[in-house]
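Each chain gets a letter, A, B and so on, in the order the sequences are listed, and its residues count up from 1.
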Number of protein chains: 2
Amino acid sequence: MGYAQDDMEKANASHMREPLCDIAQCGLPLALEAMGERWSFMILRAAFNGVRHFEDFLEALGIARNILSNRLSRLVEAGILKREHCANDRRRIEYRLTPKGLDLLPAMLALRQWGEKWELGVPANPVMCDSRDGQPIATISIVAHDGRVLTPADLTWRELSELQADPAPAALRKVL
Amino acid sequence: MGYAQDDMEKANASHMREPLCDIAQCGLPLALEAMGERWSFMILRAAFNGVRHFEDFLEALGIARNILSNRLSRLVEAGILKREHCANDRRRIEYRLTPKGLDLLPAMLALRQWGEKWELGVPANPVMCDSRDGQPIATISIVAHDGRVLTPADLTWRELSELQADPAPAALRKVL
DNA sequence: GGTTTTAAGTTGCAACTGGAAACTTAAATA
DNA sequence: TATTTAAGTTTCCAGTTGCAACTTAAAACC
């Protein structure tokens, strides 16, 4: 039993889809390598909403069984989900977010907020709130080390070496 | 000339790929509808780095010409990029980020930071910095309305109606 | 104990999407 | 006018997706 998954992996390995940008020392291509597939974020969203079992993902997402199987395996391989047999019912498998998976929440909420603002147009329901005071969370934004909110015009790229040599240079080129 | 793009659109329309989640009033599926394709974020990254012309995207990304053409068209359709003929050289077309596109920067940086932390393992080069003081930006995080940083355990979903009726209830269920 | 049900995953097949390379179109330049 | 450049299109083939039916193993039922 179960050699088809191996075949699928072999097939992937034999002419492995070229990494999105293997030269760049940039986290974005690496993040997309793990999360760039069509269903990955939707599976993650379901996981954040407490979905843990194969059949429940299936129903929540309306995804094909084989694709779900493949995506869950990849997310487990990537260390974003962990796969565990249920103690009381050994047929059941629980997929749970790892710390690495939980750490994707800011990125996911930023995307969600963008979609709400620019595509949905109205506040989505339900609203993500702070459980301590019940208030909606703030918009995810880029902030400086001292907490000021930054816009694209306030940002610049600096070389690591330059940054270490001269922490606060006089003039910096703007990115945009 | 130029009927192939129309054909492509017709082909799309005839059995249009079903939206990722058309029922949910959620921004995430909508965001993924616009940005979920394999190359979309990499194109956006290049655009944020000042790439504006077809051939330059081609070289920067190592993407196939037809796929780039198709993705740029979709990003323009989605209102994330705008397409403009250069004034001085009418062959050249400039793709520039719109405000809607610029607003994806927090999501992109959150993904990049995640990739750096969990996949790259070391700080990527170059570093995104505040141009006012040259310091690296803070980690993108989820903050409450009053600025406290929140973890997944601090978060809860609330219904819009409930939120309006009772802004600060006594007990709230945690999401995770 | 034997049958049925449930959970998870696999297979085969048809349709669709992606990528490489050659081709087209139109504008600029020599 | 001939050539080059920028952007985009077409062709063709390989790879991926999705559906439906099938398999496997454990639990529940009778």
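Residues B:Trp114 and A:Ile80 share a closest heavy-atom pair of CH2-CD1, 3.9 Å.
In this model, no donor atom of one side chain and acceptor atom of the other lie less than 3.5 Å apart for B:Asn49 and B:Arg45. If you check the side chains of A:Thr151 and A:Asp154, you find a donor sitting under 3.5 Å from an acceptor. Side-chain atoms of A:Tyr95 and A:Arg52 include no donor-acceptor pair closer than 3.5 Å.
If you measure from atom CD of A:Glu37 to atom P of D:dG18, you get 11 Å, rounded to the nearest angstrom. Separating the CG atom of A:Leu61 from the P atom of D:dT17 is a distance of 15 Å, rounded to the nearest angstrom. In this structure, CD of B:Glu55 is placed 6 Å from P of D:dA7, rounded to the nearest angstrom. In this entry the distance linking CG of B:Asn66 with C1' of C:dA21 reads 10 Å, nearest Å. In this structure, B:Leu72 places its CG atom 10 Å from P of D:dA7, rounding to the nearest Å. Between A:His53 atom NE2 and C:dT6 atom P the separation is 16 Å, expressed in whole Å. Between the P atom of C:dT17 and the CZ atom of B:Arg71 lies a distance of 10 Å, rounded to the nearest Å. If you measure from atom CZ of B:Arg65 to atom P of D:dA7, you get 9 Å, rounded to the nearest angstrom.
In this structure, the nucleotide among D:dG18, D:dA25, C:dA28 sitting nearest to the side chain of A:Arg91 is D:dA25. Relative to the side chain of B:Ile93, the nucleotides D:dG18, D:dG8, D:dA27 differ in distance, and D:dG8 lies closest. Looking at the side chain of B:Ala64, the nearest of the listed nucleotides C:dA20, D:dG18, C:dA8 is C:dA20. Of the candidate nucleotides D:dA7, C:dG18, C:dG9, C:dG9 has the atom nearest to the side chain of A:Phe54.
At the phosphate of C:dG9, OP1 or OP2 sits under 4.0 Å from a side-chain N or O atom of A:Arg83. A sub-4.0 Å separation between OP1 or OP2 of D:dG18 and a side-chain N or O of A:Trp39 is present. Between B:Tyr95 and D:dG8 there is a side-chain N or O to OP1 or OP2 distance below 4.0 Å. Side-chain nitrogen and oxygen atoms of B:Ser69 include none within less than 4.0 Å of the OP1 or OP2 phosphate oxygen of D:dA7.
Residues passing the side chain to side chain donor-acceptor pair (under 3.5 Å) test with A:Glu59, sequence neighbours excluded: none.
Among the protein residues, B:Arg90 comes within range of the sugar-phosphate backbone only, with heavy atoms under 4.0 Å from sugar or phosphate atoms but none that close to a base. Within the 4.0 angstrom heavy-atom criterion, no nucleotide atom of any strand lies near A:Phe57.
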